[in-house]
Each structure stands twice: as C-alpha cells, then as structure tokens.
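Written below as structure tokens is the structure these notes are about.
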Amino acid sequence: MNRKIKDTIIDSLVNGLNPPQKKAVTMPIGRHCLILAGAGCGKTAVLTRRIAFCAHTHCEQNRILALTFTRKAAEEMKSRLIKLSGINTNTVLPVVTTFHGYGLKILRETVNGIRNTERLGYKAEPQLITGDERLSILADVSTIEQRKTLGVNIKALDDLIARRAVNPHKVNQLPEVSQRILEEVAENLSRMKIEKNFWEFSDMILKVLTLLSQYPDIVSHYAKKFSCILVDEFQDTNPLQINMLSSLLSSENNLFAVGDDDQAIYGFRGADIGPIMHFQDHFPGAEIVKLETNYRSTPSILNAANRIFSDKPPQYRKILKSGKFGRSKEDHGQKPKKYSFVNHSEMAEWIIKTGKLIEKEEAIPFPDMAALFRVNETLDYTKSEIVRKLGTDTTLPAFLTVHGSKGLEFPVVFLCDLEESVFPSYRLRRSHRIRTWGDLLKKIFTKKKPDDIECDFDEEKRLFYVGVTRAEKILFLLSVKEMKMHGRKVFLRPSRFLRLL
DNA sequence: TAATATTACCTTTTT
DNA sequence: GGTAATATTA
C-alpha cells in the first residue's frame, strides 16, 4: 500500500477526534499506555480506532487482542470495529472477547500436541457448574465442623472461597486456623471438580493461571501470540485478570488500557483499583493520557459531577468540560434539582407528573428517561407504584440500578435512593426494637450495642458519580423521608451526597 | 429422626 | 417480611 493511501486511512481514523483522543489513538506502539477516560468522553471510539490503527500500521489483525468484561461490550466493540477504515473484513479479524471468553479459548486449545485441559488433569471438556449446583458441591467438600470453626454457612463459605481465589492476600488476614481450613476445602473442591469433570466460571481464568505457572512452554507460546493487547474498563480488573494479562505481555508487545478510576464500582466482587491507580508501577514506562472533554451532558451537570471529586490529587483528577454544549446561558442547562418526598408512593406520583410535563415542554419522550436506584428493592417498589398509577399499557422510563446503568445515557435522569444508609449504602445501627428473646436479653444486659458500619464509602461515591453522569440534559436528585425496609418502617435522613452538589 | 421453635441475615453482578 | 440455618423438642 502506498504511503498516501496509508495516511488517508489514518486521517479518517482520527477524523472528528479532539487532540487528546487523537494522541491516544496514534500513540507510538512501543510502550504501555493508559487512557484515563472521563464519563462520556468517547472511550469506545478511541479504543476501536486504536485497534484499527494498530491493524493498519503495526501488525496482522489476528495479532491484536482486545479484552472486555461483558459479552455485550465485546459485541458492541466488534460491530463498531468492522465499520472502520483500516480494518480488513476479508481476513481474520482482531480477537475481541471477554477475559473469561479468552481464558476458555486458551483452555480448549492444544499446545505442542497436548490439550490444555489434559495438562490440567481433565479427561474431557469439563461441564460448567453454576449457582445451586456449586453450593451443593461445596456442601459435599466441607464438613459442618469446618464451617463451624470458620463461623460461616455454605453461602458465606462460597464467598470466602471465591475471595481466596480472586484476592489471596485479603484471606491472609484471617486467623491461621481459618486459613488452613479454607486451604483444605479449596483443595477438596478442586479435586472434586477434576473427578467429576466440572468447572466453574472463575476457572476459566484460574485454570489458565495454573496452566501458565506449571508449563513454561505454554507461557512463551501465548506471550508471543499478540503484538497489541487492549483492555477496556481497566478499573474493573481483578487480580486474577491482571495476572492473566501479565502472562500475555512480553517484551514483544504492549498494553493499551482504557478506564476511569472514578467509575470503579465493582470492588465488592473483587475488582482492584490498584493497577489503574499505580499503572506506571505495574507497567513500567507507561504513558497516561486523560480524556476530559465530555460529549454527553450539559455544563450544569458536568459542574455537579466535577464537584464530587474536587478533593482528588491532581495526577488522576479529571475536570470534565463540555464538548457538545456552548457557553450561552441557554446551552448551560438547568442545575440538578433536589426533591424530598414523604414516601415512594409520593415520589412515584411526582416522577410521572414531572416526566409527562418535560415530555410536553421539552419534547423528550417519557420512555427515553431513566429512574436509577441504589438497590433493587426500592426500584421494584417504585416501579410497581408507577405501573399501578399509570396502568400497564404505558411505556415506562428505564428502571435500572446505578450499577446496571453504567455505560448508558439518558436525556432525563431521576436519581433516587438518596438517603443515608441506602445511598451511600451501609448497615444502620441496630434499632432498639425487640423481636427475639435474644434481643430482650441484650436489652437487659447490655447498655450499648454498636453494630459496625461496614461499607466502602469511596466506592459509594464513585457509584453516585456514575449515576450523575448518566444524565444528558436534566438531572433530578430524589430522596424519601420514610420507607419500609425489611418489613419495618424506618425514617431516613437525606444522603450526604446531596451536600456535595 | 423429624417436627417445630428460634435466630440471624438481608446491596450492587458478570462470566 | 421472607428465608435459611440452627437449636430444641418429642
């Protein structure tokens, strides 16, 4: 291909991008790179174009690997990718898949004449076990004694085993007896899985790591396979995934990671923000590019979003600026408004009234709007109230948990659940009500009984940020004063997050 | 061993 | 308020 055509294709790949986006897409291939992409700053555009750029300037398409967390994200990326110039759809495409999907692919392969599953001790392709099946196996491989000593039931044991696998150093803090028991149970479990020819989701990555740690020839086989490795939503990687990634990296290739530490909301399931926060330690020589121009929200909403992390140290602090709306007062948009209601029923009524009014005045269809919640319980309740008031033939706004809303955008957002202990979510101190004989005894024999408040406030704050940044034009911050929780009426104070904006 | 009584626990979710 | 694990009875 002559140089002129090549340049034309590169031009079209960076066409319409802002300077930092361009810089990210065309970054020299030879070093690791982290793109810190603020919410709504065009990270998928950068990622897909970067893949096309690599394919076009650097290597064969099948030597590019892009990893995501969900199949949906992988599919989305593939469909956007094939539309880009620089991508040749007549040959093998870049590998775009999930971490689990790629792990599974490795496990099914044969290296140097031996099947990878065989090296791991399996006779045939194992069967995937999930949910209850796994719990019943866990019941078989542990004794009641062991669970008693650990002080857990089967579900909590499952949690412990999972955490041990994902994040071993957290388990190191347990008493030695507990560690030993966990070790035994985990040992039994993996023996059982081999015996019965089962595996579980986490094994799709875990077994790859086992394989790589036992067979150096396999390490070199996979480390040579790719010239460019890209990872989406890098802030959500767990230590296992980072391990797998490190094994795929070598002196012959580099990592291009895209993520936003401000949107790390999966710590509860083992994601670790360490690697994104200390990217240059993990990946020496790395360059960091920030994307701060937002193409989603009005300046008023961005101002609110920027206030949430105003106390962050500068290296990772992002200040979102609008690349979509002008500076005129009209373009600036209305400030997020806060409303408080007696209960969810009243709130539901208000959402309908306001939504319909906005539909009429702003010509934004009611079904395009979204109501976001911290927990499913209040979501379900509010949604059922709204259905009850509107009947079932009306198309409703989207009802989502904030977790479920990540990556999406809506012209109008009703951000609900903004009460202390709901959002941020934490366990309230035990109330003084007496439900059991035990409660009565405690009431008689103890004066104070503080329950530990457990919750990762930083993660809650990031979750709040995710909620706020879903809104394009209008954002409402809603709370209720009382609600039924676990069957009992409780009185709630407004969320501390309301004071941030 | 099986029934019945009592207590402890409750987010967020993908593969 | 609903469930699941555990304790207590017959």
Side-chain angles (χ1 to χ4, degrees), chain A residues 67-75 97-105 107 128-132 134-136 139 142 144-145 147-148 150-159 162 165-166 199-208 232-233 236-238 240-241 244 263-271 372-381 400-407 416-417 419-428 430-431 433-442 449 451-464 466-467 483-490:
Chain A
L67 295 171
T68 66
F69 283 84
T70 64
R71 283 199 286 226
K72 197 175 150 215
E75 291 311 312
T97 182
T98 62
F99 273 95
H100 287 83
Y102 189 64
L104 188 57
K105 186 169 159 16
L107 293 171
L128 184 65
I129 44 160
T130 57
D132 293 344
R134 208 172 74 254
L135 290 187
S136 83
S142 62
I144 295 171
E145 304 297 298
R147 275 173 267 157
K148 232 178 220 165
L150 286 171
V152 296
N153 57 30
I154 301 234
K155 266 193 175 164
L157 176 65
D158 179 42
D159 192 53
V166 172
W199 63 16
E200 45 189 316
F201 275 116
S202 59
D203 288 325
M204 294 181 186
I205 291 168
L206 215 48
K207 295 286 183 194
V208 169
D232 191 18
E233 304 278 19
D236 290 332
T237 47
N238 70 34
L240 293 184
Q241 290 158 332
M244 180 166 127
Q263 293 185 73
I265 56 172
Y266 284 109
F268 73 91
R269 66 172 198 216
L372 307 183
F373 295 81
R374 176 62 181 84
V375 290
N376 283 304
E377 194 181 351
T378 52
L379 183 157
D380 291 341
Y381 183 75
L400 298 165
T401 61
V402 182
H403 283 90
S405 76
K406 193 170 169 211
C416 309
D417 281 349
E419 303 101 21
E420 275 297 296
S421 85
V422 181
F423 199 1
S425 160
Y426 56 87
R427 284 181 64 183
L428 280 176
R430 249 181 122 130
S431 64
R433 91 192 128 83
I434 294 159
R435 300 185 1 142
T436 64
W437 292 107
D439 288 342
L440 184 61
L441 288 176
K442 269 193 219 159
K449 36 179 177 171
D451 251 3
D452 277 340
I453 293 175
E454 16 167 341
C455 135
D456 183 345
F457 281 110
D458 289 335
E459 183 151 312
E460 294 292 317
K461 198 167 155 186
R462 297 190 290 262
L463 194 57
F464 177 58
V466 168
M483 68 188 278
K484 269 188 167 177
M485 216 181 194
H486 311 144
R488 291 281 156 175
K489 184 186 267 192
V490 289

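Note on naming: letters A, B, ... go to the chains in the order of the sequence lines (proteins, then strands), and numbering restarts at 1 for each one.
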**Prompt:** What does Arg71(A) touch in the nucleic acid at a heavy-atom separation under 4.0 angstrom: a base, only the sugar-phosphate, or nothing?
**Reply:** sugar-phosphate

**Request:** Would you mind reading off the distance between Met483(A) atom CE and dG1(C) atom P, rounded to a whole angstrom?
**Result:** 14 Å

**Message:** Nearest whole Å is fine: how far is dT15(B) C1' from Glu233(A) CD?
**Reply:** 15 Å

**Asked** Do any N or O atoms from the side chain of Gln241(A) and from the backbone of Phe99(A) form a donor-acceptor pair under 3.5 angstrom?
**Response** no

**Asked** Considering only the P atoms, how many Å lie between dT11(B) and dA4(C), rounded to the nearest integer?
**Response** 13 Å

**Asked** Can you tell me if the side-chain N/O atoms of Asn376(A) get under 4.0 Å from OP1 or OP2 in dT11(B)?
**Response** no

**Request:** Quickly work out the Tyr381(A) OH to dT11(B) P distance and round it to whole Å.
**Result:** 19 Å

**Fill in**
Asp236(A) CG to dT15(B) C1', in whole Å, measures 13 Å

**Asked** What does Phe268(A) touch in the nucleic acid at a heavy-atom separation under 4.0 angstrom: a base, only the sugar-phosphate, or nothing?
**Response** base

**Prompt:** With side chains defined as the heavy atoms from C-beta onward, is the minimum distance between Lys461(A) and Pro424(A) less than 4.5 Å?
**Reply:** no

**Item:** Euclidean distance, atom CZ of residue Phe423(A) to atom P of dT11(B) [Å, nearest integer]
**Value:** 16 Å

**Thr70(A) side chain, from C-beta outward: closest of dT11(B), dT15(B), dT13(B)** = dT15(B)

**Message:** Nearest to the Glu460(A) side chain among dT11(B), dT15(B), dT13(B), which nucleotide is it?
**Reply:** dT11(B)

**Item:** Ring geometry between Tyr266(A) and His403(A) (parallel below 30°, tilted from 30 to 60°, perpendicular above 60°)
**Value:** tilted

**Prompt:** Does Thr401(A) place a side-chain N or O at less than 4.0 Å from the phosphate oxygens OP1/OP2 of dT11(B)?
**Reply:** no

**Cationic N near anionic O, under 4.0 Å, Glu460(A) to Arg374(A)** = yes

**Request:** Round to the nearest Å and state the distance from Leu400(A) atom CG to dT11(B) atom P.
**Result:** 19 Å

**Asked** How close or far is atom C1' of dC9(B) from atom CD of Glu377(A), stated in whole angstroms?
**Response** 13 Å

**Item:** Rounded distance in Å - CZ (Arg374(A)) to P (dT12(B))
**Value:** 7 Å

**Asked** Got a second to check how far Asp203(A)'s CG is from Leu240(A)'s CG, nearest 0.5 Å?
**Response** 10.0 Å

**Request:** Determine if Tyr266(A) stacks with dT13(B); use a centre-to-centre distance below 5.5 Å and an interplanar angle below 30° as the criteria.
**Result:** no

